[in-house]
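Here the structure is a predicted model, which means the values were calculated and not measured. Residue numbering restarts at 1 for every chain, and letters A, B, ... go by the order of the sequence lines.
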Amino acid sequence: MSASFNLYEVAQNYLSRILSTESDKAESGQLTRKENSSDHIRVLLLDNVTSKVISMVSTQSELLKHEIFLIDRLENTERDNLKNLPCICLLRPSDLTVSNLCNEISVPKYKSYQVYFNNIVSKPRLERLAESDDMEIVSKVAEVFQDFYTINKTFFTSINIQNSLGINLPDTWDGPSFDSSLDSIVSTLLSLKLNPVIRYESNSKMCHKLASSVAYKIKENNSLFSDTPKKDISPLLLIVDRRNDPITPLLFPWTYQSMIHEIFGIRNNTVDMSGLPNVGEELKTVVLNETQTSFMRNSMYSNFGELSQSLKEYINKYKQKTKTNSSISTIKDMRFFLENYPEFRKISLNLSKHMLLSSDIDKKINEWRMWEVSEFQQTLVSDSSFSNHKEELTKLEDFLFDRIKNEQGQIQPPLAESTKAKLLALYALKYESFNGNQTSHLIRLLKKQGFSAEYLHFIPSLLKYAGSSHRLSDRVGSVFERVAKSSTTFINGLNFGSHGDSSNVYMQHIPRLQNVLMKIAKCSLDSALYPYIKERSLRNETTSTDDRVPPQEVVIFMVGGVTYEEARLVAELNNSNSGLRCVIGGTNIPSTDDFMNNIIDVGSTWGAGGAI
Amino acid sequence: MFRDRTNLFIAYRRTFPHHGGPFSDEAVGGSTFDKQPEEEEGLIGHSPYKDDENETIEMTQLPPNMLELEEDSEAVLSGLVRDINDLGKLYRDNMLPGFNDKSEDEAKINEMSMKITKKFQFLYTEIRKLDDEKLQFQRKSETILVENLKKKLAIRTQELSTSFRKLQNNYIKYLRQDEVGIDKQGGDQFNESQIFSNSGKSSEEDNDVIEDYSRAAMQSSSKQLMQQQQQSEMDNQYLQEREREIYKIAQGVVEISTIFKELENMVIDQGTVLDRIDYNLSKTVVNVKKADKQMKKAEKYQKATTKCKVVFFLVLVILLLLLVLMLKPRRVDHYIHDGGSNGDSSTQPDNSESGNEDEGRNPVDNEESPARKTAPGNSDVGMNLVLI
């Protein structure tokens, strides 16, 4: 169990632990089961958070199999009295939920309560709960550790964070987001049974604050963390800041899962498609889950070209299957069909889902003219030298002022303002320290044209947030990396898949995270730039050797938002069997628009926004 | 990681005096204030009473037969799992090549599969029964409960029936292959005399590669018919027996297939939104809200009906009064008219009005003198009015 570095497996373990206690007893002896026969119709009580957490790792029918026949929310005050049914609660130990639960058990609606909290519950809260348990109706209180959303196998995010950046000053936390991030990291560490050494990026106060708080939490709950299996090499928790790579969340991504998120927005693993025309009732909201179908598992990280290829194969497979029963003439054919009927149905539903998604992605790419825009984005960021400034500036101006012509010599329809703002932001970031920098000039020109002021404020805010002076200077211009340059992708068996392919114009840029990961694998993370949290290193005398032996388990947490592209890198790293296992998390998953809007939102409060 | 905090919780709980718990007496007895505990007692006395009330209600709310149903089906299901495992073992044994007479085994197999088929049918009726059961409940959560129970049973039954049918299918496949093998032997025996069948066989083998099993089986059985005429009596009998066996099993399969298809409607589409926990939760919330709205609407309607009644009553009263009103002055009218034209008052309301105006100048004359003159006509007009 400790060997698994898979968040879904962790979730399954927890679920079976919570749900199957009763039937486990039943299996050991049929007699006990008969005695309390009504006990195997059970109620599951969730709160607003845990209902989402559990939805992302389990399904209704799975719960049914575990004899959960009624699921309800604790917040729902209109629940019926069902005094003959036992109840299982899976709740977040937040202040509100605990007081809700206190109210619930002082006027119980069910026969008995088994309370599971999805994170560490503090003693005062437990005491409060005990105080209100007047009828001694709570039979069990336990903690499981799953206070995060499981997005993919090795990808999680904190709960309910929109924008983790604080107002008034850059590099500060938004209060609730900080608590949520801390909770998610602590519970992830506990669920994976890790007692890590903590490192963070030295230039970020946000990282430092989070890292030291995690260290404090670990110390506070020493009994829990010292229970984790001892390892020769301490696992590593690395807390990094989005500001050190502002490029990745500004680029249009080209892999399937990222594109779906960029275009439609993935919320808790569901995509709302009801806004699209001609969508059947079944496809209004679609669920995307890595564990559900092999097609999603296989193609979530593939780029657009590969995706259409695999879709084609999928269709062929489906056709072949349906062809065999297209002529149901005999009883035997019928039987064959019936036997595989659910399977057919599943495939056809799944197929139409992915067809719909990919065809609409294609539509949107054309509508937004992403082919040309993205190509320019990639050439802009995949090279850190200033030598091409002139050409790139004219190209940028063409895009900004809609001068691009198509083959017929007609001027193309204008680009969306947000697309232009992103392009300008990339230019501003790249040529920030260049003498002939035209950013402010371009902004002035755009202002004259009546360009949205919000988007114009984005550029200075972004530079304040992630300008070159605020980024970690581990290597000059490291953010602007292209694949061709980093021919060292194969290090210690580290292989980042086929996507590191410089022949693909649209995927030349590689996120900075890859560099960091490779440095972790090579043990060459500079301890001045990535310092340890002190308390831990004192207790664990092994840090000196840690510098030479690469850690085997790494949890990376990105403050300020992580992208699906970075999650893909980590997934590919895990698939490469390099001995390095990694889980990545973040405060949230911003699309390019989310990223921009977040900075616009808080940037306006950072003072003196206009001037550069 | 997992941490059980029950002990800590119980330790905490012990430090608080509890009303309903074993410490309640102590807490009450040890108190120095006499009045306060008395007051509290009243509350305590009230709350258990309330509890009892609730419980008695619930006893009737969740009828034991639902639990029984669940339990019965559970038992049948677990029995089915065992049976199917046994059958699988039997099949496997039977499929092993051997010289023993297998007819006994085959009888057992038939018996077993019949039993399983019957159990599936029983389960199906059981599931259908839950539908009726649902109608007994008024409260929403209970209907959901039964609905979910139904779904769960459907899922379990479906899973089992799939494995059962796969098993049977494999067995039929095996029997068929066996047959084809015999066919081949037969073909070898009559090699010289039946060239056509051999050529047919080779093409069939090709088909076997290309086509799916089921079609091949069909082809071979049609070939069988042709060959049966030419094969020896022994073989013939043996094959017929085989055919019968296959037929029996196939019959069972088809029977279960229908059940299977019916179940399909009940099972949730796994992998779609309908299977999402939070979706279902929010749906129930929405449903509750909708129900609330509907209730409000219904209330409105109800209010509206009382209004309607009042309005209707008032209208009735008005009509009645009108009738009375019309009776009186019309009598006057018709006195006048009856002087001129008798009986036609219903068809000429305008005339009567104009007549009224005309005669209005000297009402005293009209009222007094013609009334007595046409006394017999008066009763006629009254009759007419009643008819109207």
Side-chain angles (χ1 to χ4, degrees), chain A residues 17 37-38 41 51-52 54-55 58-61 63-65 69-71 73 76 78-84 121 126-127 129-131 133-136 138 140-145 190-191 193 224 227 270 282 285-287 292-293 324 330-333 335-336 338-339 341-342 346 349-350, chain B residues 1-6 8-9 12-13 15-16 18-21 54-55 58 62 67 70-71 139-142 144-145 148-149 151-152 155-156 158 162 165-166 169 212 214-215 217-218 250 253-254 257 260-261 264 267-281 284-285 288:
Chain A
R17 190 145 209 168
S37 58
S38 65
I41 294 181
S51 60
K52 283 178 194 135
I54 199 174
S55 300
S58 185
T59 59
Q60 185 97 358
S61 43
L63 290 186
L64 278 179
K65 275 182 218 163
F69 289 112
L70 193 66
I71 305 165
R73 274 183 220 257
N76 181 6
E78 286 161 16
R79 277 175 286 121
D80 295 322
N81 256 327
L82 292 165
K83 278 264 169 58
N84 46 3
V121 57
L126 203 62
E127 219 171 321
L129 192 65
E131 191 180 353
D133 185 17
D134 239 10
M135 313 199 175
E136 307 203 338
V138 177
K140 186 170 190 177
V141 180
E143 288 162 343
V144 294
F145 302 99
L190 282 170
S191 70
K193 299 184 181 174
L224 264 177
D227 264 2
T270 58
E282 289 173 316
T285 315
V286 296
V287 181
Q292 257 168 22
T293 55
T324 44
T330 65
I331 283 191
K332 286 188 179 66
D333 282 346
R335 199 182 60 221
F336 177 78
L338 273 176
E339 186 164 289
Y341 179 67
K346 221 170 158 185
L349 258 177
N350 197 27
Chain B
M1 262 330 245
F2 179 86
R3 184 162 64 164
D4 200 331
R5 310 297 317 249
T6 313
L8 183 64
F9 177 78
Y12 279 142
R13 196 163 64 185
T15 61
F16 295 104
H18 287 299
H19 308 122
N54 279 344
E55 258 161 47
E58 269 132 34
L62 253 194
L67 292 178
E70 199 269 339
E71 217 172 307
R139 293 198 301 179
K140 203 175 174 318
S141 53
E142 278 157 352
I144 295 174
L145 214 74
N148 279 334
L149 182 62
K151 272 181 197 155
K152 187 226 169 182
I155 292 172
R156 287 270 286 152
Q158 205 186 32
T162 311
R165 282 170 322 124
K166 282 232 163 91
N169 208 34
D212 215 42
S214 52
R215 220 155 299 182
M218 277 309 287
V253 168
V254 170
S257 305
F260 189 77
K261 216 175 173 186
E264 184 64 32
V267 175
I268 325 167
D269 282 321
Q270 288 175 33
T272 63
V273 200
L274 300 178
D275 210 11
R276 283 274 291 199
I277 296 157
D278 52 358
Y279 174 81
N280 282 306
L281 271 176
T284 47
V285 171
V288 166

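The two residues A:Phe145 and B:Phe2 come nearest to each other via the heavy atoms CE1-N, 4.1 Å. Looking at every heavy atom in both residues, B:Lys152 comes nearest to A:Leu64 through CG-O, 3.2 Å. Here the closest heavy-atom approach between residue A:Ala130 and residue B:Phe16 is recorded as C-CD1, 4.1 Å.
Within the 4.5 angstrom heavy-atom criterion, atoms from both the backbone and the side chain of A:Ser51 approach chain B. For A:Ser58, the parts sitting under 4.5 Å from any heavy atom of chain B are the backbone and the side chain alike.
Taking the charged nitrogens against the carboxylate oxygens, A:Asp133 and B:Arg13 do have a contact shorter than 4.0 Å, which makes a salt bridge.
With chain B as partner, the option from A:Val121, A:Leu129, A:Asn350, A:Leu63 having the largest number of non-hydrogen pairs under 4.5 angstrom is A:Leu129. Between chain B and the options A:Asp80, A:Ile71, A:Val138, the largest number of non-hydrogen pairs under 4.5 Å is found for A:Asp80. The candidate with the highest count of non-hydrogen atom pairs below 4.5 Å against chain B, out of A:Leu224, A:Thr270, A:Val286, is A:Leu224.
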Exercise for the section: Go through the steps for B:Asn280 and A:Gln60 under the test side chain to side chain donor-acceptor pair (under 3.5 Å), then give the verdict. Expected result: CA-CA 8 Å; B:Asn280 282 306; A:Gln60 185 97 358; 3.0 Å; yes
